[in-house]
Amino acid sequence: MSSEIEQPLAGGVNQVIQHENGRRAPHIARRTNPWPTTAAEAEAVQEQLRPLMDLTDPGPLTVDFIAGLDVGYAPDSDEVTGAVVVLDNTLRIVDQATSRQKAKFPYIPGLFAFRELPPLLTALDRLTITPDLLICDGYGLAHPRRFGLACHLGVLTGLPTIGVAKTAFVGTHADPAPTRGSWTPITLDHDTVGRALRTRDHVKPVYVSQGHRISLDNACAHVLRTTPAYRLPEPIRLADRLSRTNPPA
DNA sequence: GCGACAG
DNA sequence: ATCTTGTCGC
């Protein structure tokens with residue numbers, strides 16, 4: 001009995017939807033068609049996929065497995081290393097995977113996903129456990145075309161996703177109060193697209209935005225819940241560390 | 001028009 | 001992102 005439904009998507013992707021049953025799931029998402037080459041092609045893909053993102057689903061309040069994702073860059077080559085670390089409720093590592101490969105797109109602000117998605121999707125495919133929630137290093141809704149990395153990854157995997165960035169990118173926001181848990185809205189064209197969220201007292205805030213299938217409130221709750229010690233949520237911090245290693249391709 | 005711009 | 005030492009502050 002298959003729990004997967006393959007569904008063609010515009011923009012060079014076939015989506016494999018995961019259903020409720022079964023945690024073990026190779027091929028969370030798979031790319032089939034050519035990857036965009038030009039900025040214009042990439043922007044067109046974002047426009048095509050954006051209607052598929054779900055921002056109304058409040059998402060899970062509690063999860064069994066939460067994954068952090070990040071990409072590291074080699075100093076002297078055009079290779080990128082995607083890393084995924086899966087944590088349980090107690091923030092213990094229960095699974096992790098990497099993928100090192102040649103970069104398939106240059107770094108262009110606003111088109112970040114086309115550089116980082118390939119190694120991240122491959123790494124996700126190598127997991128033994130299917131996470132219930134993904135925390136990405138970068139933006140989601142807070143994006144010039146409202147479709148940052150977290151949204152893109154959410155649509156491709158069907159999983160709830162959150163974007164957590166370390167610096168401001170779009171929109172305006174006030175500085176949140178200095179205590180952990182304080183936040184201010186990030187506004188873009190009269191819309192709230194995310195929050196500047198203080199995860200530690202007197203430490204620079206992080207920038208949280210919805211990716212897919214989760215509310216902004218719940219996204220921030222998960223970020224705070226998984227940030228017991230450092231500025232960044234543990235899943236991302238550990239994925240960042242893993243992405244700096246130099247694993248086999 | 002020019003610069004800035006998630007990582 | 002990455003190249004890089006020490007140093008100021010809680």
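Just so we're on the same page: letters track the sequence lines, and every chain starts at 1. For clarity, every value in this text was computed on a predicted model and none was experimentally measured.
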Could you check whether any side-chain heavy atom of Val86(A) comes within less than 4.5 Å of a side-chain heavy atom of Ile93(A), counting everything from C-beta outward? no

Please list, in numerical order, the residues of residues 72-82 of chain A that have a heavy atom closer than 4.0 Å to any atom of DNA chain C. Tyr73(A), Pro75(A)

Answer yes or no: is there a side-chain heavy-atom contact under 4.5 Å between Arg225(A) and Val63(A)? yes

Would you say that Thr226(A) contacts Ile66(A) through its side chain, given a criterion of any heavy-atom pair below 4.5 Å between the two side chains? yes

Any donor-acceptor pair under 3.5 Å from Arg145(A) side chain to Glu47(A) backbone: no

Residues Arg198(A), Asp175(A); criterion side-chain contact (heavy atoms from CB on, under 4.5 Å); working and verdict: CA-CA 9 Å; Arg198(A) 192 87 62 184; Asp175(A) 194 39; 3.5 Å; yes

Name the nucleic acid region contacted by Asp137(A), choosing base, sugar-phosphate or nothing; use a 4.0 angstrom heavy-atom cut-off, strictly under. sugar-phosphate

Start with the C-alpha gap between Arg100(A) and Glu79(A), add the side-chain angles, then the distance that decides, and say whether salt bridge (charged side-chain N to carboxylate O under 4.0 Å, His left out) holds. CA-CA 7 Å; Arg100(A) 183 169 56 81; Glu79(A) 294 210 311; 2.5 Å; yes

Requiring both pairing distances under 3.5 angstrom, list the stems that contain DNA chain C and are made of three or more consecutive Watson-Crick or G-U pairs. none

Between Arg115(A) and dA1(C), is there a side-chain N or O to OP1/OP2 distance below 4.0 Å? no

Using a 4.0 Å heavy-atom cut-off, write out nucleotides 4-10 of chain C from 5' to 3' as B (base contacted by protein), S (sugar-phosphate only) or - (no contact). -------

Do Val85(A) and Arg237(A) have side-chain heavy atoms sitting under 4.5 Å apart? no

Watson-Crick or G-U pairs under 3.5 Å in DNA chain B, rendered as dot-bracket with [ ] for crossing pairs and | for another strand: .......

Examine Leu134(A) and Leu156(A) and state if one hydrophobic cluster contains both, with Ile, Leu, Val, Met, Phe, Trp and Tyr joined whenever side-chain heavy atoms are less than 4.5 Å apart. yes

Contact interval (first through last nucleotide) of DNA chain B with protein chain A, 4.0 Å heavy-atom: dC5(B) to dG7(B)

Quick one: sort the Tyr107(A) and Phe112(A) rings into parallel, tilted or perpendicular, breaks at 30° and 60°. perpendicular

Across the strands shown, which category fits Leu111(A) at heavy-atom distances under 4.0 angstrom: base, sugar-phosphate, nothing? base

Quick one: are the ring centres of Phe105(A) and Trp35(A) less than 6.0 Å apart? no

For the residue pair Asp88(A) and Thr90(A), confirm or rule out a side-chain donor-acceptor distance under 3.5 Å. yes

Walk me through it: do Asp78(A) and Lys104(A) pass the test salt bridge (charged side-chain N to carboxylate O under 4.0 Å, His left out)? CA-CA 9 Å; Asp78(A) 56 347; Lys104(A) 293 179 172 55; over 6 Å; no

Please classify the nucleic acid contact of Arg200(A) as base, sugar-phosphate, or nothing, using heavy-atom distances under 4.0 Å. nothing

Below 3.5 Å, can you tabulate the donor-acceptor pairs from side chains in residues 69-76 of chain A to any protein atom, sequence neighbours excluded?
unit_1   : atom_1 : unit_2    : atom_2 : d
Tyr73(A) : OH     : Glu116(A) : OE2    : 2.7

Under 4.0 Å, heavy atoms only, any strand: does Gly163(A) hit a base, just the sugar-phosphate, or nothing? nothing

Calculate the interatomic distance between Asn246(A) atom CG and dA1(C) atom P; express it in whole Å. 17 Å

Donor on one side chain, acceptor on other, His143(A) and Arg146(A), under 3.5 Å: no

Given the rule in the side-chain contact (heavy atoms from CB on, under 4.5 Å) test, do Thr161(A) and Ile214(A) qualify, once you have shown the distances and angles that lead to the verdict? CA-CA 7 Å; Thr161(A) 57; Ile214(A) 194 158; over 6 Å; no

Evaluate salt bridge (charged side-chain N to carboxylate O under 4.0 Å, His left out) for Asp240(A) paired with Lys166(A), printing each intermediate quantity in order. CA-CA 12 Å; Asp240(A) 176 88; Lys166(A) 297 182 286 296; 5.5 Å; no

